[in-house]
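What you see is a predicted model; the values in this text were computed from it and never measured.
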Amino acid sequence: MASLNGTSHNSIDDELDFSDIEAKYRVDFDDGFDSIIVVDGVPVIDRSKLDKLLAKISKEFSRKGAVIKQDDIFVPWDDKAGKSKGFIFVDLGNPDAAAFAAGAMNGHPFDAKHTFRINRFTDVERYASIDETYVEPAVEEYRPKEHLRAWLADSQGRDQYVTYRGDDVEIHWHGKPSQCEIAYAKKNWTELYASWSPLGTYFATLFRQGVRLWGGPSWEPQHRFAHPLVKLIDFSPCENYIVTWSHDPISVPANLPQGPEFFSPEDEGNNIAVWEIKSGHLLRTFPTTAYENEDPAMKKQMQWPALKWSSDDKFVARVTPGQHISVYELPTMGLHDKKSLKIEGVVDFEWCPHGEKDKEDAEKPVKAEKGAKKRENMLAYWTPEVANQPARVTLINFPSRTVLRQKNLFNVTECKLHWQNQGDFLCVKVDRHTKTKKSIFCNLEIFRVREKDYPVEVVELKDTVTDFSWEPKGERFAIVSSNDPNLGNPGPGITIKTDISFYQLDRTKNDFKLLRTLTSRTSNTIRWSPRGRHVVLATVGSSTKSELEFWDLDFNTEERREGQNVKEEWGSGIQQLGSADHYGVTDVEWDPSGRYLATSASAWRHTLENGYAIWDFRGQELEKLILDRFKQFIWRPRPRSLLTKEQQRQIRKNLREYSRAFDEEDAAEESNVSAELIAHRKRLLDEWNAWRARCKRDIAEEKRSRGQKLNGEHHEEEKEEIEEWIDEVIEQIEEEVVE
C-alpha cells in the first residue's frame with residue numbers, strides 16, 4: 001500500500017508543472033525597486049521635527065539637481081523609543097534619477113555632524129548574496145595619455161599658430177622657411193571662433209551645444225562643457241577653470257541629462273557659468289550684471305570678462321556697479337567670508353598680476369621661524385565723484401581686506417586701470433574735464449606698488465589719451481594721444497592725427513620722464529614685444545591708412561655690448577627699424593618669442609583683401625597670404641620657462657657659445673638648400689646632355705641606314721666630284737640710252 005501510494009504521488013508531481021505560473025507571477029526585485037535609494041547618515045529625530053527634516057532633505061537634493069518631494073521620502077521609526085532609525089528611503093521615480101541622486105548626494109555633508117551615505121535599494125540585496133570567491137581581475141592594457149604640452153619639446157624650437165578661414169581650421173608650425181608646415185587641419189572644427197588657453201595647453205572651439213577643449217599631438221578632445229548657444233569664453237590664468245556666457249538665459253528641459261556636469265533647475269535664467277576644467281563639473285552660475293544706476297550716462301554694455309580672476313586662481317570676483325564687489329573662493333565658489341565688499345558707487349576693479357618672482361616665492365615653503373609671509377593678492381578699484389565726495393582709487397590686500405593706499409581725484413569723467421604685467425606699477429588713466437565740461441584732458445596716476453607707502457607719480461597731459469601700454473617686464477610705457485577735433489566723431493574717410501610718446505622711470509628722481517614724442521602720426525595701436533624693447537605702432541581699423549612702424553627702444557645697447565664708447569642720453573636709443581603697410585589690418589599680435597609679428601585682416605570686420613602676414617621684428621615681410629573668408633589668426637601661448645633666474649643668467653653670459661651651435665645649424669641648412677639647388681641643376685643638365693647624346697645617336701644611325709641603302713651591296717668606290725654651274729635669269733630690263 002505504501003508502495004502504491006508513493007507511486008501515485010510521484011506521478012501527480014510529474015503531471016503538475018507550476019514553472020510557467022511561477023515565472024508569470026514572479027516579482028523581480030531589480031525591476032521593482034531600482035528607483036529607490038537608501039540614505040544613511042540622517043539625523044535621529046522625534047516625530048515633532050519630521051516636517052522640518054523632510055523639507056531640508058528635499059531642498060538639499062534639489063540643489064544638486066535631484067528634485068524630490070516630501071511624499072517621496074519614507075522614514076522608518078523605532079516605535080519603542082519614538083525616534084527615527086537614522087536612515088530613510090527615497091523614491092526617485094525612475095532608475096536614471098536614482099543613479100544620479102546616488103552619485104550626486106553620496107558623501108554630501110548634511111550638517112556639521114551628519115554626512116549622507118547612499119546606496120541603491122537593489123544593491124542591498126545584491127551585496128547580501130554576493131559571491132565571496134576571489135576572482136583575479138583582468139589586467140587592462142596600459143594606454144599612456146598624450147602629453148598636453150608636447151609641442152614644447154619640438155626639436156627645432158618652433159612655435160605654433162592657428163588660422164580660421166571659411167570652415168577650415170589649421171594649426172601651423174612656424175620657424176625658418178624650410179620648417180614651416182601644417183601640424184593639423186580639420187573642417188568645421190568650430191562654429192563661432194577658436195581660442196587658446198592662457199598657457200597654450202588647450203585649444204577651445206565653440207558650438208551650439210557648448211565648448212570643447214582639444215590638446216595633445218593628435219588633437220583629441222579633452223573636455224566638453226554643455227552650455228547651449230555659448231557666445232563668449234574666458235580661461236582662468238592657471239587654466240584650472242573656464243567661464244562661459246550665452247545671451248540666451250539657461251533653460252533646463254525635462255529630458256536634460258542630470259549630473260555635476262549639467263545645468264540643474266536652480267541655474268535657470270542665468271547666463272554665466274563657471275566650470276572646473278579637469279573634472280568638467282559645473283561650479284556655479286550667475287546672471288548677467290546690469291547697471292542699477294538709472295542715469296543714462298552711467299549705463300554701459302556688459303563688460304567681458306564679467307568675472308575677473310586672481311593670478312593664482314584662488315579667487316574670482318565680479319562687480320555689481322554702484323554697490324559692491326563679490327569675491328568667491330575656489331573651488332567651492334562660495335562667497336568669501338559670506339559677505340561682499342560693499343563699496344558705494346564702485347565702477348570697476350582689476351586684480352594685481354603676479355610677477356615671476358611672486359610665482360617663484362609662492363612655490364617655495366614659507367619659513368615659519370622668520371615669520372615670513374607670502375604676498376597677498378591685491379586688487380584696485382575706483383569710485384566716481386558723488387555729491388561732495390571726490391572720485392577715489394583704492395588699493396586693498398585680499399583676503400585680509402586691508403586698505404593699502406587711497407588717492408582722491410577731482411573733475412573725473414572716466415578712469416581706466418592698467419597694471420604692469422609683473423605687478424610693479426599701476427597706472428590709472430584719468431580722463432578729466434574742465435570746469436565748463438567742454439574739453440577733456442588726461443592725467444596718468446602711477447602707483448609704485450613695490451615700494452613703501454605706495455608712492456604715486458602724476459604725469460599731466462594736455463591731450464586725450466586713446467591708448468596706453470606698459471612695456472612687459474620693464475619700467476617704460478607708451479601712449480597714443482591726440483588733440484584732433486575729429487577725435488570724438490570721425491567721419492568716413494577721416495584719419496585722426498596722433499602723437500606717440502614714450503616714458504621711462506627715472507630712478508634718480510623717482511618720477512617718469514618723457515623719452516621721445518613722435519608727432520603727426522596716424523597710429524592708434526601700441527603692441528610691445530613680449531620680451532620688451534621692441535614695439536610696433538599700427539594704424540588699425542582705418543579704411544584709408546594701414547601703416548606699421550617697427551621701433552627699437554634700446555638700439556644703442558648693441559654698441560655698448562661691443563665695447564664702443566656711446567654716451568647715453570634720455571631717448572637716444574630709440575630708433576626706427578622699419579616700416580610697412582598691410583591694407584585693411586584689423587589685428588596685430590607678437591609671437592611668444594618676440595621675434596615675429598603677425599598682422600591680419602579679418603572678414604569679420606570687412607571683406608577687402610582678407611588674409612594675414614608675418615614679419616620679423618625689423619619689419620621685413622616673411623610671408624603674406626591673401627585669403628578670401630579669412631577670419632582669425634592666433635599665436636599659441638607658451639607657459640613660463642622652467643629655467644631658474646640663475647640658469648637664464650648663465651645662458652645670457654655664454655650666449656656666444658650657444659649661438660655658435662645655432663650658426664652652424666643655419667649654415668648647414670643653407671648648405672643643404674644650396675646642395676639641393678645644385679643637385680637639381682645638375683639633374684637638369686644631365687637630362688639635357690642625355691637628350692643631346694640620344695639625338696646624336698639617332699642622327700648617326702639614320703645616316704648609316706641611308707648610306708647602306710644607296711650603296712647596296714657594292715664595295716665602296718672612289719667618286720669623282722663634278723661641279724655644275726647653272727645660270728638663271730631672274731630679271732631682264734631694257735633701257736634706252738639717249739645721246
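- Residues S310 and P237 approach most closely at O-CG, 3.6 Å, considering heavy atoms.
- Aromatic pair F633/W635: centroids less than 6.0 angstrom apart.
- Between the H223 side chain and the L213 main chain, no donor and acceptor come within less than 3.5 Å of each other.
- To the nearest 0.5 Å, atoms CH2 (W351) and CH2 (W419) are separated by 11.0 Å.
- Side-chain contact between H606 and T586 is present, with heavy atoms from C-beta onward closer than 4.5 Å.
- Smallest separation of non-hydrogen atoms from H172 and Y612: CE1-OH, 4.5 Å.
- Shortest non-hydrogen contact noted between Q632 and A194 is NE2-O, 2.9 Å.
- By the neighbour-count criterion of 12 heavy atoms within 6.0 Å, atom CG of L655 is densely surrounded, having more than that number from other residues, nucleotides or ligands.
- Between F512 and Y503, the distance separating the two ring centers is not shorter than 6.0 angstrom.
- Between the side chain of S600 and the backbone N or O of S602, no donor-acceptor pair lies under 3.5 Å.
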Query raised in the report: Would F425 and L505 count as a side chain to side chain contact (heavy atoms under 4.5 Å, CB included) if you check the C-alpha gap in whole Å, the side-chain angles of each, and the deciding distance to 0.1 Å?
Result: CA-CA 11 Å; F425 306 99; L505 178 63; 3.9 Å; yes

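- When the ring-ring contact (aromatic ring centres under 6.0 Å, His included) test is applied to Y164, no partner is found at least two apart in sequence or on another chain.
- The shortest distance between side-chain heavy atoms of V430 and C415 falls below 4.5 Å.
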Requested in this report: Could you go through the side-chain hydrogen bond (donor to acceptor under 3.5 Å, both in side chains) check for T517 and S501 one step at a time?
Outcome: CA-CA 4 Å; T517 298; S501 301; 3.2 Å; yes

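- Remark: K357 does not engage D424 in a salt bridge, criterion side-chain N to carboxylate O under 4.0 Å.
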Query raised in the report: Where do T244 and H227 land on the side-chain hydrogen bond (donor to acceptor under 3.5 Å, both in side chains) test, with the steps shown first?
Result: CA-CA 7 Å; T244 59; H227 191 165; 2.7 Å; yes

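- The backbone N or O of N421 sits nowhere less than 3.5 Å from a side-chain atom of W470 that would complete a donor-acceptor pair.
- Checking each of F235, W196, W151, W214 against F203 for a ring pair (Phe, Tyr, Trp, His ring centres under 6.0 Å) leaves exactly one that passes, namely W196.
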**Report entry** salt bridge (Lys or Arg N to Asp or Glu O under 4.0 Å) evaluation trace for D168 with R629
**Finding:** CA-CA 10 Å; D168 300 322; R629 299 189 302 155; 5.8 Å; no

Requested in this report: Go through D616 and R595 one step at a time and tell me if the salt bridge (Lys or Arg N to Asp or Glu O under 4.0 Å) criterion holds.
Outcome: CA-CA 6 Å; D616 68 7; R595 293 181 294 173; over 6 Å; no

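- Listed by first then second residue, pairs satisfying salt bridge (Lys or Arg N to Asp or Glu O under 4.0 Å) with a partner in residues 152-162 read D154-R158, R158-E181, D159-R638, not counting sequence neighbours.
- The pair D312-K359 does not count as a salt bridge, with every side-chain nitrogen at least 4.0 angstrom from each carboxylate oxygen.
- Shown here for I272 and L307, the closest heavy-atom pair between the two residues is CG2-CD1, 4.2 Å.
- Looking at heavy atoms from C-beta onward, C442 lies out of side-chain contact with T464 at the 4.5 angstrom threshold.
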Query raised in the report: Stepwise, does the side-chain hydrogen bond (donor to acceptor under 3.5 Å, both in side chains) test hold for D581 with S546?
Result: CA-CA 6 Å; D581 188 276; S546 51; 3.0 Å; yes

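- In this pair, F502 and W551 present their aromatic rings tilted. The plane angle is within the 30 to 60° band.
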Query - N524 vs I496, side chain to side chain contact (heavy atoms under 4.5 Å, CB included): CA-CA, chis, key distance, verdict - result: CA-CA 9 Å; N524 54 20; I496 303 298; over 6 Å; no

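- Here the shortest heavy-atom pairing between E589 and I634 reads OE1-CA, 3.7 Å.
- Atom CG in L206 sits 11.0 Å away from atom CG in L229 (nearest 0.5 Å).
- Atoms OG1 and CZ, on T205 and R224 in that order, are 11.0 Å from each other to the nearest 0.5 Å.
- Taking CD of E356 as the reference point, atom OG1 of T644 lies at 11.5 Å (rounded to 0.5 Å).
- With rounding to the nearest 0.5 angstrom, the CD atom of E414 is 8.5 Å from the CG atom of D348.
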Requested in this report: Apply the test side chain to side chain contact (heavy atoms under 4.5 Å, CB included) to residues K624 and H582: give CA-CA distance (whole Å), side-chain angles for both, the deciding distance (0.1 Å), then the verdict.
Outcome: CA-CA 9 Å; K624 188 172 185 179; H582 186 169; 4.1 Å; yes

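- No side-chain donor-acceptor contact under 3.5 Å links D554 to the backbone of R533.
- Put simply, the side chain of R521 never gets that close to the backbone of I500: no donor and acceptor are under 3.5 Å apart.
- M378 is not listed as a side-chain neighbour of L426, based on a closest heavy-atom distance of 4.5 Å or more.
- Ring-plane geometry between H534 and F617 is classed as tilted, the angle between the planes lying from 30 to 60 degrees on a 0 to 90 degree scale.
- A donor-acceptor pair is defined here as one N or O able to donate and one able to accept, closer than 3.5 Å; such a pair exists between the side chain of D467 and the backbone of I526.
- For K314, the NZ atom counts as loosely surrounded, since its 6.0 Å shell holds 12 or fewer non-hydrogen atoms of other residues, nucleotides or ligands.
- Put simply, the side chain of R649 never gets that close to the backbone of Q647: no donor and acceptor are under 3.5 Å apart.
- Remark: K631 is not positioned above the aromatic ring of Y193, lacking an NZ or CZ atom under 6.0 angstrom from the ring centre and at most 45 degrees off the axis.
- Considering only heavy atoms from C-beta on, F477 stays 4.5 Å or farther from H418 through its side chain.
- Taking 4.5 Å as the limit, some side-chain heavy atom of P198 sits within range of a side-chain heavy atom of E239.
- Between L444 and F468, the closest side-chain pair of non-hydrogen atoms falls below 4.5 Å.
- Considering T495, T539, T522 as possible partners of T544, the one that fulfils the side-chain hydrogen bond (donor to acceptor under 3.5 Å, both in side chains) test is T495.
- Annotation for F630 and A601: closest pair CD2-O, 3.8 Å, computed over non-hydrogen atoms.
- With hydrogens and angles ignored, the 3.5 Å screen pairs no side-chain donor or acceptor of R149 with any backbone N or O of T201.
- E191 places a side-chain N or O within donor-acceptor distance of the main-chain N or O of R208, the cut-off being under 3.5 Å.
- A side-chain donor-acceptor contact under 3.5 Å links Q420 to the backbone of G474.
- Taking 4.0 Å as the cut-off between side-chain N and carboxylate O, E657 and R660 do not count as a salt-bridged pair.
- Taking 4.5 Å as the limit, some side-chain heavy atom of K308 sits within range of a side-chain heavy atom of Q303.
- Note: K187 NZ to E170 CD = 10.0 Å, rounded to the nearest 0.5 Å.
- Looking at D484 and K497, no side-chain N of the basic residue comes within less than 4.0 Å of a carboxylate O on the acidic one, giving no salt bridge.
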